[in-house]
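Numbering of ligands and ligand atoms starts at 1, following listing order. None of the values given here were measured: they were computed from a predicted structure. Just so you know, these numbers use all the heavy atoms, side chains as well, and skip hydrogens, waters and symmetry mates.
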Amino acid sequence: MSKSITVYSPASIGNIGPGFDVLGLAVTGLGDKVIAREISDDKIIIEDIRNADHDISKNPAKNTMGIAADSVRKKLSTKTGVALTLIKGLPSGSGLGSSAASAAAGAFAVNALFDGGLSPEDLIHNAMEGEAFVSGGYFADNVAPSLLGGATLTQSLNPLIITALGSIHALHIILVTPKIQILTKDSRAVLPESIPMKAFIRNLANTASITAAFTNNDYTLLKDNLQDDAIEPHRSKLIPGFYNAKEAAINAGANGLCISGAGPTVFAITNKEEQRDKIASAIVGAFHQEDIEAVATLSRVDKQGTRQI
Ligand code: HSE
């Protein structure tokens with residue numbers, strides 16, 4: 001029988017508030033799975049896609065998982081082919097790194113199937129190729145945490161320099177996804193060419209503090225710095241009820257609420273486990289007031305990243 005493996009890749013929060021395109025965080029509770037199986041044909045095929053909430057191409061050259069998987073297969077110079085099955089656990093266009101998780105799982109699966117010896121760090125390049133195809137941008141703040149787990153910092157894209165920052169033990173994350181779809185490319189298109197110096201300085205200070213928070217496993221350095229003065233004022237216009245949701249979350253005890261990635265998912269933070277339900281209801285309620293359904297997921301940091309299951 002041909003060899004087959006299954007891989008899980010977690011959802012991720014791009015930006016972690018002010019860290020636009022540089023900070024990312026893997027989270028528990030939602031993720032994609034990929035089953036990879038050896039075949040004799042010298043190519044990648046996608047044999048099945050399950051649980052997808054929209055049409056995803058089964059053409060490997062037009063599919064984020066397929067592109068990432070093929071890129072690893074070429075790197076390994078193998079003539080054995082791979083049949084892939086994608087099991088979606090993530091809603092698309094939700095700001096939770098859906099395409100990145102598929103790409104990370106595809107890249108990881110092919111390497112694991114052939115005992116390729118590539119590290120998760122090596123695979124970031126391959127996964128980014130897949131993600132760039134659908135997201136209209138080249139950034140690593142979803143694929144890096146999805147592959148490595150915990151929080152990550154992208155220092156440079158060319159050459160690619162990523163640092164794993166670690167986790168914060170006390171951190172509880174409340175993800176709320178309103179039922180509207182925002183494509184990353186559209187959410188990037190609303191951003192201005194320049195930002196005011198004041199917003200730049202605040203974002204810089206907050207990003208530095210959040211980086212220190214994860215490297216030191218220190219919630220106090222995170223809790224007052226989850227504020228984005230540069231990107232949020234523009235992207236929030238795409239999310240009806242965003243500022244009401246933020247206010248409701250903070251009134252319910254959250255230490256902050258920001259847009260996850262390109263949106264529309266928002267995430268709030270607390271270090272008090274017993275407050276999570278109240279915060280989740282407050283945010284969901286704020287979206288209901290706009291006649292928008294919303295789904296909450298109580299989450300934590302996924303420290304492991306992409307893995308074989
Ligand atoms: N950093 C990217 C953005 C992440 O915010 O556009 C997309 O999920």
Would [X] and [Y] pass as an ion pair if we require N to O under 4.0 Å?
X    : Y    : value
R235 : E232 : no
R307 : D302 : yes
K58  : E47  : no

Backbone, side chain, both or neither: what part of I231 comes under 4.0 angstrom of ligand 1, heavy atoms only?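 The answer is neither; I231 stays 4.0 Å or more away.
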Heavy-atom contacts under 4.0 Å between R235 and ligand 1: side chain, backbone, both, or neither?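 Side chain only.
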What protein heavy atom sits nearest atom 7 (C) of ligand 1, and how far off is it?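 The protein heavy atom lying closest is N142 OD1, 3.5 Å.
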Among all the protein's non-hydrogen atoms, which is closest to atom 3 (C) of ligand 1, and how far away is it?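 Residue, atom and distance for the closest contact: R188 NH1, 3.3 Å.
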Atom indices of ligand 1, in the order listed, that fall short of 4.0 Å to a heavy atom of [X]:
X    : result
D21  : 1 (N), 2 (C), 3 (C)
G261 : 5 (O), 8 (O)
F20  : 3 (C), 5 (O), 6 (O)

Stepwise side chain to side chain contact (heavy atoms under 4.5 Å, CB included) check, V34 with T85: CA-CA 6 Å; V34 167; T85 295; over 6 Å; no
For ligand 1 and T184, I'd like to know whether there is a polar contact (N/O to N/O, distance under 3.5 Å).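 No: no nitrogen or oxygen of T184 is under 3.5 Å from one in ligand 1.
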Out of the candidates L86, I87, V7, N51, only one should pair with K33 under the side chain to side chain contact (heavy atoms under 4.5 Å, CB included) rule; please name it.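 Of the listed options, the one satisfying the test is I87.
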